[in-house]
Amino acid sequence: MKANIALIGFMGSGKTTVGRILAKSLDMKFIDIDRCISIREKKTISEIFEEYGEKYFRDLERKIIEEESRDNNIVISTGGGAIVDNVNIKNLKTTSFVVHLDCDINTIYERVKRSKTRPLLNNSEDVFKTIEELYEKRKNLYKISSDFSIKIDLNTNIYDSVEKIKNAYILS
């Protein structure tokens with residue numbers, strides 16, 4: 001069994017919410033990579049994107065994932081785009097049981113459509129179309145990067161999902 005659990009999935013799939021509950025139920029530490037970046041930079045993710053651009057953000061994300069994945073007994077909630085960087089996946093796969101929260105596009109849209117904290121959606125004229133395009137680009141990366149995948153939609157019971165992830169982790 002690997003020392004950590006890393007949650008990957010599209011924005012709005014529930015990585016932070018599931019991660020917190022999962023960590024508590026397994027008596028593990030919880031780390032939210034986006035929160036770590038915000039704290040380190042003393043800025044919101046949107047401010048970082050706006051002031052420095054996506055490349056700067058992705059470089060920070062890579063550095064923090066590398067640092068945090070060295071620790072043991074943690075649940076790591078990654079940002080939705082963390083999987084576009086092979087170094088991130090390599091670091092996570094080395095130390096973590098990687099779980100894909102496979103959330104359908106309609107659920108993602110319902111969860112993020114009014115959000116002002118999603119920099120890749122902030123300037124979008126058609127949020128659903130932007131989500132759809134990003135999702136298509138990333139969906140195979142999520143699948144090939146994960147050790148376990150769980151379907152998420154608007155009717156998903158979060159505690160059932162946590163139990164399924166726990167069982168898969170324990171049996172890994």
Salt bridge (charged side-chain N to carboxylate O under 4.0 Å, His left out) involving Glu41 - partner list, sequence neighbours excluded: none

message: Which heavy atom of Ser46 sits nearest to which heavy atom of Arg118, and what is that distance?
response: OG-N, 4.1 Å

field: From OG (Ser145) to CD1 (Ile89), nearest 0.5 Å
entry: 3.5 Å

statement: Rounded to the nearest 0.5 angstrom, the OG-CG distance for Ser69 and Asn91 is 4.5 Å

query: Going only through I, L, V, M, F, W and Y residues with side-chain contacts under 4.5 Å, is there a path from Phe128 to Leu134?
result: yes

For residues 20-28, tabulate all N or O donor-acceptor pairs below 3.5 Å that involve a side-chain atom, not counting sequence neighbours.
from	atom 1	to	atom 2	distance (Å)
Ser25	OG	Ile21	O	3.4
Ser25	OG	Leu22	O	2.9

- prompt: In chain order, what residues pass the side chain to side chain donor-acceptor pair (under 3.5 Å) check against Ser149, with sequence neighbours excluded?
  reply: His100

task: List in chain and number order the residues that pass side chain to side chain donor-acceptor pair (under 3.5 Å) with Lys113, two or more places apart in sequence or in another chain; answer none if no residue qualifies.
output: Glu110

statement: Output for pair (Tyr135 OH, Asp104 CG), nearest 0.5 Å, gives 7.5 Å

task: State, with a plain yes or no, whether a side-chain heavy atom of Lys15 is found less than 4.5 Å away from one of Thr78.
output: yes

task: Could you tell me the separation between the CD1 atom of Ile152 and the CG atom of Leu101, rounded to the nearest 0.5 Å?
output: 5.0 Å

field: Connected via hydrophobic side-chain network under 4.5 Å: Leu60 and Ile39
entry: no

query: With sequence neighbours excluded, what pairs up with Lys2 under the side chain to side chain donor-acceptor pair (under 3.5 Å) test?
result: none

query: Roughly how far, to the nearest 0.5 Å, is the CD1 atom of Ile31 from the CD1 atom of Ile65?
result: 12.0 Å

- prompt: What salt bridge (charged side-chain N to carboxylate O under 4.0 Å, His left out) pairs are there with at least one residue in residues 74-83, not counting sequence neighbours?
  reply: none

field: Residue pairs involving residues 49-62 (criterion salt bridge (charged side-chain N to carboxylate O under 4.0 Å, His left out); sequence neighbours excluded)
entry: Lys43-Glu51, Glu54-Arg58, Lys55-Asp59, Arg58-Glu61, Asp59-Arg62, Arg62-Asp85

message: Please list all pairs meeting ring pair (Phe, Tyr, Trp, His ring centres under 6.0 Å) that have one or both residues in residues 144-172, counting only residues at least two apart or in different chains.
response: Phe97-Tyr169

- request: Drop me the distance from Ser38's OG to Ile33's CD1, to the nearest 0.5 angstrom.
  value: 11.5 Å

field: Hydrophobic cluster identity match, Val98 and Ile144, side-chain contacts under 4.5 Å
entry: yes

Closest non-hydrogen atom pair, Gly80 against Ile83: O-CG1, 4.0 Å

- prompt: What residues, two or more places apart in sequence or in another chain, satisfy salt bridge (charged side-chain N to carboxylate O under 4.0 Å, His left out) together with Glu67?
  reply: Arg40

field: Linked, directly or transitively: Val87 and Ile64 (ILVMFWY side chains, under 4.5 Å)
entry: no

statement: The complete set of salt bridge (charged side-chain N to carboxylate O under 4.0 Å, His left out) pairs with one or both residues in residues 133-151, sequence neighbours excluded, reads Lys93-Asp147, Asp102-Lys151, Lys129-Glu133, Glu136-Lys139

- prompt: If two hydrophobic side chains count as joined below 4.5 Å and joins carry through other members, does Val84 share a cluster with Tyr52?
  reply: yes

Glu66 with Lys63: basic N within carboxylate O range, under 4.0 Å: no

field: For Asp153, side chain to side chain donor-acceptor pair (under 3.5 Å) partners two or more places apart
entry: Thr156

Output side-chain donor-acceptor pairs under 3.5 Å for residues 3-11, partner residues at least two apart or in another chain, one line each.
from	atom 1	to	atom 2	distance (Å)
Asn4	OD1	Asn73	N	2.9
Asn4	OD1	Ile74	N	3.0
Asn4	ND2	Asp71	O	2.8

